[in-house]
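If you read the sequence from its start, that first residue is 1, and numbering goes on from there.
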Amino acid sequence: MSAVTTTEAAVTVAPAKDTPQVRRRRRLSPGRRLPAARLAGPVLLLALWAGASAAGQLDPAAIPAPWTVVRTGAHLWTDGTLPTDILTSLQRAAIGFVIGLVAGVVLALASGLSRTGEALIDGTVNLNRAIPTLGLIPLFILWLGIGETFKVSIIAIVVYIPIYLNTHAALSGIDHRFVELAEVQGLSRFAFVRQIVIPGALPGFFVGLRLGVTGSWLGLVVLEQINATSGLGYMMFQAQNYGQSDVILVGLVVYGVFGLVSDSAVRLVERRVLSWRRTLSS
């Protein structure tokens with residue numbers, strides 16, 4: 001009886017060994033986007049700064065505590081110095097950025113859609129890229145003087161180069177089969193640009209746009225310390241002469257906030273415009 005029971009058990013268990021086991025699929029994507037994830041780094045940096053200041057690990061004369069910088073910023077805002085300088089800096093950055101944006105897009109389209117345009121434009125832009133833009137400052141001062149035109153022109157150059165390079169690269173990377181399909185469908189030049197060129201170039205354009213936004217603030221920091229009479233850079237330069245490190249940090253914080261907000265705005269627009277793409281970031 002025992003032998004029969006053992007045999008039946010063996011017969012019952014045997015099919016289970018032949019049953020294929022379903023392996024759990026491994027998730028390789030980064031996962032869901034965390035809310036306000038990009039603020040985690042700045043908040044952590046601020047916490048470390050505050051903790052080191054409270055523990056006496058930082059020299060207050062060199063790196064004031066965060067609460068000291070906040071008090072200084074509030075004082076500068078109350079007496080009207082900070083709002084005036086911020087408005088001046090925003091105006092310079094905005095004008096230079098718009099000029100650079102338009103120039104970069106127009107040159108990229110002319111170079112990417114025409115072999116003649118590419119021959120005339122691409123080499124010139126890459127030559128301009130090889131020359132440090134800030135190295136052009138002495139020459140532009142001789143040409144344009146030390147007024148607003150000189151500052152706006154340098155910012156425009158800093159902005160248009162990354163926008164041109166990334167947009168032109170995106171245009172060059174459009175699959176030629178789409179071009180052939182447009183020719184077979186008999187699309188006009190305008191329809192071809194609207195339906196094929198613009199969607200294909202948008203990803204590269206937004207990469208260049210983010211670099212251009214960042215470049216406009218970087219250029220502004222330097223330019224406002226050269227023969228300027230207003231602006232955040234001028235305020236920081238004057239604070240350097242008087243050893244006011246808290247005022248310098250106020251200017252750096254404002255620049256950082258402007259850079260972070262503008263980059264986040266471009267990212268938001270990019271996600272809305274390119275919502276049809278399925279990428280790791282989405």
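Annotation for Ile163 and Gly100: closest pair CD1-O, 4.5 Å, computed over non-hydrogen atoms. Of all heavy-atom pairs between Leu144 and Ser153, the closest is CD1-OG, 3.6 Å. The two residues Phe205 and Thr167 make their nearest non-hydrogen contact at CA-OG1, 3.5 Å. Considering all non-hydrogen atoms of both residues, Gly204 and Asn166 come closest at O-CB, 3.1 Å. Considering every non-hydrogen atom in both Ile157 and Asn128, the closest pair reads CG2-ND2, 4.0 Å. Closest heavy-atom contact between Ala110 and Ile121: CB-CD1, 3.7 Å.
Taking the six-membered ring where tryptophan is involved, the planes of Phe140 and Trp143 are tilted, since the angle between them lies from 30° to 60°.
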Notebook entry, point to check: Could you go step by step and tell me if Arg271 and Leu268 meet the side chain to side chain contact (heavy atoms under 4.5 Å, CB included) rule?
Noted result: CA-CA 5 Å; Arg271 284 199 298 269; Leu268 179 61; 4.0 Å; yes

Next item on the list: For the pair Arg115 and Glu118, evaluate salt bridge (Lys or Arg N to Asp or Glu O under 4.0 Å) and give the outcome as yes or no after the intermediate values.
Entry: CA-CA 5 Å; Arg115 294 300 182 188; Glu118 184 178 23; 3.0 Å; yes

Margin query: Determine whether Tyr234 and Ser89 satisfy the following criterion, side chain to side chain donor-acceptor pair (under 3.5 Å), listing intermediate values before the conclusion.
Written below: CA-CA 10 Å; Tyr234 172 75; Ser89 296; over 6 Å; no

Next item on the list: Give the C-alpha distance, both sets of side-chain angles, the deciding distance and a yes or no for side chain to side chain contact (heavy atoms under 4.5 Å, CB included) between Leu109 and Val197.
Entry: CA-CA 9 Å; Leu109 290 175; Val197 172; 4.3 Å; yes

Note to self: The test is side chain to side chain contact (heavy atoms under 4.5 Å, CB included); show your working for Tyr160 and Leu107 and say whether it passes.
What the structure shows: CA-CA 9 Å; Tyr160 100 89; Leu107 291 175; 3.9 Å; yes

Note to self: With side chain to side chain contact (heavy atoms under 4.5 Å, CB included) as the criterion, how do Leu252 and Met236 come out once you've worked through the C-alpha distance, each side chain's angles and the decisive distance to 0.1 Å?
What the structure shows: CA-CA 8 Å; Leu252 290 176; Met236 294 167 60; 3.5 Å; yes

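A donor-acceptor contact shorter than 3.5 Å links the side chain of Ser216 to the backbone of Val213. Side-chain N or O atoms of Asp85 include one that pairs as donor or acceptor with a backbone N or O of Gly231 at under 3.5 Å. With Ser245 contributing its side chain and Ala61 its backbone, the two residues share a donor-acceptor pair below 3.5 Å. Between the side chain of Ser114 and the backbone N or O of Ser111, no donor-acceptor pair lies under 3.5 Å. Proximity of a side-chain donor or acceptor of Thr214 to a complementary backbone N or O of Arg210 within less than 3.5 Å is detected. Between the side chain of Trp217 and the backbone N or O of Ala93, no donor-acceptor pair lies under 3.5 Å. In this structure, the side chain of Lys151 engages the main chain of Ile146 through a donor-acceptor pair within 3.5 Å.
Annotation for Gln91: atom CD does not count as buried by contact number, only 12 or fewer foreign heavy atoms lying within 6.0 Å. In the displayed structure, Tyr255 atom OH is contacted under 6.0 Å by more than 12 heavy atoms of other residues, nucleotides or ligands. Annotation for Trp77: atom CH2 does not count as buried by contact number, only 12 or fewer foreign heavy atoms lying within 6.0 Å.
A distance of 4.5 Å separates NE2 in His168 from CG in Asp122, rounded to the nearest 0.5 Å. In this structure, CD1 on Ile86 lies 9.5 Å from CG on Leu76, to the nearest 0.5 angstrom. In this structure, Leu136 CG and Ile141 CD1 are separated by 11.0 Å, a value rounded to the nearest 0.5 Å. Interatomic distance, CD of Glu270 versus CG of Leu209, reported as 9.0 Å (0.5 Å rounding).
Using a 4.0 Å cut-off between charged nitrogen and carboxylate oxygen, Arg92 and Glu224 count as a salt-bridge pair.
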